[in-house]
Amino acid sequence: MVKSTGKRPAPSIQHPSKKRKLNKTQSSQAKLKTATKKKDTIKKTIDIPDVPIDEEDLLPLSDQDFNLLETYGGTAKFLNLLDHKGISRSKQETERLWQLDKPVRKTLVDDDLPTIDSHDEDEGSWDSEVSDDDPLDSLDDPGSMSDSAQDVAADLDSDVEMPYEVVPRKLQEHSQTGMEGPERLPIKLKDGRIQKTGKNISKLPVEASSESEGDSGDEMNNENHVRDDAATGARFGRLAIIDILENKSRKARVQIAKDQIASICQEILSDPENSLSLLKRLHAFSLPSVSTATHPEPIPNDPLIQKLALLSQLAVYKDIIPGYRIRSLTDKEKSEKVSQAVARTREYEQGLVSIYQNYLRVMEVELKARNGLSETALQCICSLLTELLHFNFRINLMSCVVAQLSGKSWSESSQLCLDTLIRVFRNDLTGTASLEVVRLLNRMIKEKRFQVHPAVLSCLLHLRLKSELGVRASESKADKTDKEAQTRSKGKDAARRAKGKSSDQPHLSKKARKALKEKKDIVREFRDAEAEIDKEERASTHTETLKLLFVLYFGILKNPNPTPLLPAALEGIIKYAHLVNIDFFQDLMKVLRGLILSNSNDQREEANPEVLITIRHRLLFIVTAFELLSGQGEALNMDLSDFISYLYASILPLALTDVSTEYTTSSRREYTTSSLADMLFRALNIVFSPQTFGNTAPSWRSAAFAKRLLSSCMHWPTAVVVRTLQFVQGLVVKDPRLQALLSTEERSFDGVYRPDLDDPQLSNAFGSCLWEVYALRDGHFDPQVRMEAEKLLAGSS
C-alpha cells in the first residue's frame, strides 16, 4: 500500500491510440449500463410536494371575502373533477401508454397489386379496371348500382374513396387534341392500399391543333374573333351605332342617337381620363358614314345626328381640354421608365390629341363640301379658335377661317370669321397667335392678287401693336437699356480689379459662381411656373408682326393697278403711322404723291373704269401724309404744300356729292366706314392744326379754304352745313384778319377773286366777301343753321 505524501499527483500520461480506443469502448458500455438503470428507475407518477403551512402566514378572511366566496364559489367546483392520476403521470409513462394503445393496420390477404418498383414508365399506363362502356352518370345513382357493388361500398370504411371518385373523367374529346404525358404519382390510402392515378394529358400547341381541325372549325373561330370595336359596337350597355342608323323610323333614330350622345357626354365629363373610348364613340356619330368589322359596307349617317354630334363634341372639348399645349413625346422620353401615374397621363394626353385631330379633320371636310353642315362646322371652328387658342392645331383652325375670307363677296359666314379674328387679336397676350394670323392673311391676299373684300383688312386695325409696342428707331435690332449697354466682359472687369479700379462685377470664386448659376436656374424655373409673359419676347413678336403688316400695306400701295384694298390699307397706315421706320418716310410720301397725280391721267381712267381713284381715296392720301409727318416725321421738315393744294381742289367736286352717306361695302351694312364729310373735316383739322403750321396758318390759305367751304355748303345737308360754319368760325378766331371778309361795307382790295383756280395762294380770296353766311342766316330753313350763322356774324362784330 502506497502512502500518501500530501502532494498533488502528476498528470496522467497519454496512452497510445489503441489504448484510447479501448477506453472509448469501455466508456460506451458504461453509459449503456447507466441508461438501463435509468430506464428501470423511471417513475410512473410525479408526487405532488407537500409544503408545510405556517399558521402565522395565514391571513384572516374578512366579511367581503366570505361574500365573494358565497357568490362565485360554485364556479370552482370543476377542480374536484380533475384526474389527479393523469395530472401526476410523467411524460415517459404517457408515451408508453400511447404505444400500447396504438392501432395496428391489418394487411389484406387478397392484395394482388404489383409493387411500385415493378412498373416502368415505358410499359404503359396503369389501368383502373373500370370498363369505359359503363356510363358515368349511372354511378351517381345508388339505385342503378348492382348488388355486389353495393356490398363492396358498404364494406368499405368512410375514409375509403368511393368508386365514382376513382373512375377517371371522360377525355375522349380532348384526347384527339392532346398527348399522354408522364405517369402521375400513386396515392396511398389510409388502410394501406395504393391507388393508381394514371398519366398526365398535355394539350398540343395551338398551331398543331388548328391544323388538325377542318375547314368548318376555322370558319367558326374566325367568326368568334371578329368583333366590333368599342367606338361603334354594342358596348357600355348601349346599342351599336349601326343598329341605330339602320332604324327605319327617322324620328326614333334621331331620338335614340340623342339619348346616347347625351349619356356619353355626361360620362365623359364625369371622368375624362378614363373616357377615351367614349370620345371615339361620340366622334363616330359625326362621321358621314359608319362601317364596322361585322358590317363592312358603309351606312350613311343622318345629317341631323352629325350636327348634334359636332356640337356635342364642341361642348365636351371646351370642358376637358387642359390649359396647356400637349406636345408629342420624343424617342428618348418614350424609352424612359416612368411611374404608372405619369404613364396614364401620357396615354390620356396623346389619345386626346389624336381624337381631337380627327374631329377637326371631319369639320374641315364638311366645310369644304359646302353642304348643310358647312355652317355648323364653321361655327364650331370659330368657337374653338377663340376658346382654345392655346391648344394644339391652332394654325389649322386659323387656316380654315382665313380661307373663308378669300372671296370678293361678303356674307354672314364672312362676318363671323372676321369677328373671330378680331377676338383673337384682342385676347392675344403674347402676340404669337396674332403673328400667325397676319402671316396667313398676307399669304392669302398675295395669292388672290389683292382681289379680296376690303373688310378683310379691317380686322388688322384691332391688333395690340399701338398700345403694347413702343416707338423703335430701328427694326433690325432691339434697343438696349443703359444697364445692358454698360455691362463689360469678364476680362475687362478682371483687368480693372487688378489695377485697383472699381468694377460693377465683383470677383467671385468658383464655388460662388456655381451657387449663382444654380440661383439663376431656380429663378428661371419660378418664372416659367408663374407663366408670366416675357416682355422682350413679346416685343420681338410684335416687331415681326409689324414688319409683315407694313409689307402688306406697301404692297397694296405700290400695286400698278389700284385695288379695292387701297382705302383699308391707307387706314391701317394712318393708325400705325407712329410705328413706321423713319427711313421709309420719303419713299412712302413719293408713292402717295404718285397715287394722287394718277387721278389726272385720263387715259388711265378710261382703261380701268372700275377702279378709279375717287375723291375718298384722295382724302385718305392727304390724311395719311399728314399723319405720317405728325409724329416722327416732324424731324424731316418736309414740304406738304402740294397735298394742301390737292385738298383745296377736292372741296369743289364735293359740292355736288352726298357727303353725309357712309361708305358701305356690304349689303347688310355690317362693314361701314366714315363718310366723305368725316374724311374732309378730318383732313382740314390736320392741315390747320397748330402742329402743322405753328400757331396760325397763312391768312391767304385760311381765307381761300373758308370761301370755298362756304360756297360748297350751300348744297350740303344740314349737319354738314353746321360743321362747316363751326370750322370757319374757328378760322376767324385764330386769324382776326378774316373778319374783313364778313363786312358788307365798301372797301378797296387788290385783284379779283378766282374761284376756278385750284391753288389757294392764287385764288385771291381777300378780293371777295363771305356773303354765304348772310344768306344762311336769313334764308335757310333749319333753325340750327341760322343760329350758327348768327354766332359767326356776332363774333366778328
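Bear in mind the structure is a predicted one, so any value in this text is a computation, not a measurement.
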[X], [atom1]: over 12 other non-hydrogen atoms inside 6.0 angstrom:
X	atom1	value
Glu347	CD	no
Gln266	CD	no
Leu329	CG	yes
Arg325	CZ	yes

Taking all atoms of both residues into account, what is the closest heavy-atom pair of [X] and [Y], and its distance?
X	Y	answer
Leu429	Arg538	O-CD, 3.3 Å
Val316	Cys265	CG2-SG, 3.8 Å
Ser414	Leu405	O-CD2, 3.4 Å
Asn301	Ala284	ND2-O, 4.4 Å
Ser286	Gln313	OG-NE2, 3.1 Å
Leu278	Ile264	O-CG2, 3.6 Å

Any chance you could measure [X], atom [atom1], to [Y], atom [atom2], to the nearest 0.5 Å?
X	Y	atom1	atom2	answer
Ile381	Gln404	CD1	CD	8.0 Å
Glu273	Leu352	CD	CG	10.0 Å
Glu297	Ser291	CD	OG	10.0 Å
Leu314	Asp319	CG	CG	9.5 Å
Ile261	Ile256	CD1	CD1	12.0 Å
Leu460	Leu548	CG	CG	10.5 Å

Heavy-atom distance under 4.5 Å between the side chains of [X] and [Y], does that happen here?
X	Y	result
Val456	Val402	no
Ser383	Lys318	yes
Leu552	Leu457	yes
Leu360	Leu384	yes
Asn427	Leu389	no
Thr541	Thr430	no
Phe450	Val452	no

Only distances under 3.5 Å count here; give the side-chain donor-acceptor pairs of residues 432-443 to other protein atoms, sequence neighbours excluded, each with its distance to 0.1 Å.
from: Ser434; atom 1: OG; to: Asp428; atom 2: OD2; distance (Å): 2.8
from: Glu436; atom 1: OE1; to: Arg394; atom 2: NE; distance (Å): 3.2
from: Glu436; atom 1: OE2; to: Arg394; atom 2: NH2; distance (Å): 3.2

Val401/Leu421 under side-chain contact (heavy atoms from CB on, under 4.5 Å): CA gap, chis, key distance, verdict: CA-CA 8 Å; Val401 173; Leu421 294 181; 4.0 Å; yes
I'd like to know if the side chain of [X] and the backbone of [Y] have a donor-acceptor N/O pair within less than 3.5 Å.
X	Y	value
Tyr553	Ala568	no
Ser374	Glu366	yes
Thr386	Cys382	yes
Arg464	Arg426	yes
Ser406	Ala403	yes
Ser354	Gln350	no

Derivation of the side-chain contact (heavy atoms from CB on, under 4.5 Å) call for Leu565 and Asn559: CA-CA 11 Å; Leu565 299 178; Asn559 190 32; over 6 Å; no
Glu267/Arg238 under salt bridge (Lys or Arg N to Asp or Glu O under 4.0 Å): CA gap, chis, key distance, verdict: CA-CA 13 Å; Glu267 291 187 16; Arg238 301 181 177 91; 2.6 Å; yes
Partner set under side-chain hydrogen bond (donor to acceptor under 3.5 Å, both in side chains) for Gln255, not counting sequence neighbours: Asp259
Any pair counted as salt bridge (Lys or Arg N to Asp or Glu O under 4.0 Å), so long as it reaches residues 446-458, sequence neighbours left out: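 Sorted pair list comes back empty.
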All pairs passing salt bridge (Lys or Arg N to Asp or Glu O under 4.0 Å) where residues 378-389 contributes a residue, at least two apart: none
Considering residues at least two apart in sequence or located in another chain, which fulfil the ring-ring contact (aromatic ring centres under 6.0 Å, His included) criterion with [X]?
X	result
Phe391	Tyr356
Phe285	none
Tyr348	none

With sequence neighbours excluded, what pairs up with [X] under the salt bridge (Lys or Arg N to Asp or Glu O under 4.0 Å) test?
X	value
Arg423	none
Lys258	none
Asp419	none
Asp521	Arg524

Steps toward side-chain contact (heavy atoms from CB on, under 4.5 Å) verdict (His283, Val362): CA-CA 9 Å; His283 171 67; Val362 170; 3.4 Å; yes
Pairs flagged by side-chain hydrogen bond (donor to acceptor under 3.5 Å, both in side chains) wherever residues 327-345 is involved - sequence neighbours left out: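 Non-adjacent pairs meeting side-chain hydrogen bond (donor to acceptor under 3.5 Å, both in side chains): Arg327-Glu333.
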Stepwise side-chain contact (heavy atoms from CB on, under 4.5 Å) check, Arg361 with Gln357: CA-CA 6 Å; Arg361 286 175 178 172; Gln357 184 180 14; 2.9 Å; yes
